[in-house]
Amino acid sequence: PNSVMVTEGDLAKDYKEVARIYTVGGPKDKEEAFSLMRRRLSEFGADAVIKVRKKKNMNYEGIVVLFD
């Protein structure tokens, strides 16, 4: 899981957007949301989640990417 990068910003390197990810159940904070995303995406071989943001319903969403 530690190999999956999670950021609120964009990346300077080339990547391909492959999916969106959403948390469910309103994580207690950003760190918990990032950890949940990291763990889940490490199972699928994703490289990063970018542009993560908190939604009105207290869940988080981000864009799953693979590096070129």
Side-chain angles (χ1 to χ4, degrees):
N2 293 336
S3 65
V4 178
M5 182 186 308
V6 182
T7 181
E8 295 173 274
D10 202 348
L11 299 174
K13 63 190 327 181
D14 292 336
Y15 59 82
K16 177 173 48 173
E17 295 182 10
V18 294
R20 288 195 179 269
I21 187 170
Y22 303 88
T23 61
V24 177
K28 67 180 184 209
D29 57 26
K30 181 172 68 173
E31 288 74 29
E32 182 181 28
F34 281 22
S35 178
L36 290 167
M37 290 180 179
R38 250 188 216 102
R39 265 187 308 205
R40 178 51 103 182
L41 291 174
S42 69
E43 298 172 13
F44 298 103
D47 292 313
V49 181
I50 62 171
K51 301 179 184 175
V52 177
R53 64 185 182 98
K54 189 173 189 178
K55 299 177 59 90
K56 289 181 184 176
N57 65 3
M58 305 304 287
N59 283 304
Y60 290 76
E61 72 173 351
I63 300 169
V64 180
V65 301
L66 298 175
F67 297 146
D68 287 339

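- Judged as a side chain to side chain donor-acceptor pair (under 3.5 Å), and not counting sequence neighbours, Glu31 has no contacts.
- Judged purely by atom type and a 3.5 angstrom limit, Asp47 uses its side chain to pair as donor or acceptor with the backbone of Phe67.
- Partners of Arg40 according to the side chain to side chain donor-acceptor pair (under 3.5 Å) rule, which considers only residues two or more places apart in sequence or in another chain, are Glu43.
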Side-chain donor-acceptor pairs of residues 1-13 under 3.5 Å, sequence neighbours excluded:
from	atom 1	to	atom 2	distance (Å)
Thr7	OG1	Gly9	N	3.1
Glu8	OE1	Lys30	NZ	2.9
Asp10	OD1	Tyr15	OH	2.6

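- Under the rule for a side chain to side chain contact (heavy atoms under 4.5 Å, CB included), the partners of Ile63 that lie at least two apart in sequence or sit in another chain are Glu17, Arg20, Ile50, Lys51, Val65.
- Under the 4.5 Å side-chain heavy-atom criterion for grouping Ile, Leu, Val, Met, Phe, Trp and Tyr, Met58 is not connected to Phe34 through any hydrophobic cluster.
- Linking ILVMFWY residues whenever their side-chain heavy atoms come closer than 4.5 Å, directly or via other members, leaves Tyr22 and Phe44 in distinct clusters.
- Criterion: ILVMFWY side-chain heavy atoms under 4.5 Å apart, direct or through other members. Under it, Leu41 and Val18 are part of a common hydrophobic cluster.
- Residues passing the side chain to side chain contact (heavy atoms under 4.5 Å, CB included) test with Asn57 are Lys55, Asn59, sequence neighbours excluded.
- The side chain to side chain donor-acceptor pair (under 3.5 Å) search around Glu32 returns none, not counting sequence neighbours.
- Its side chain outside the 4.5 Å cluster rule for every partner, Leu36 clusters with none of the Ile, Leu, Val, Met, Phe, Trp and Tyr residues.
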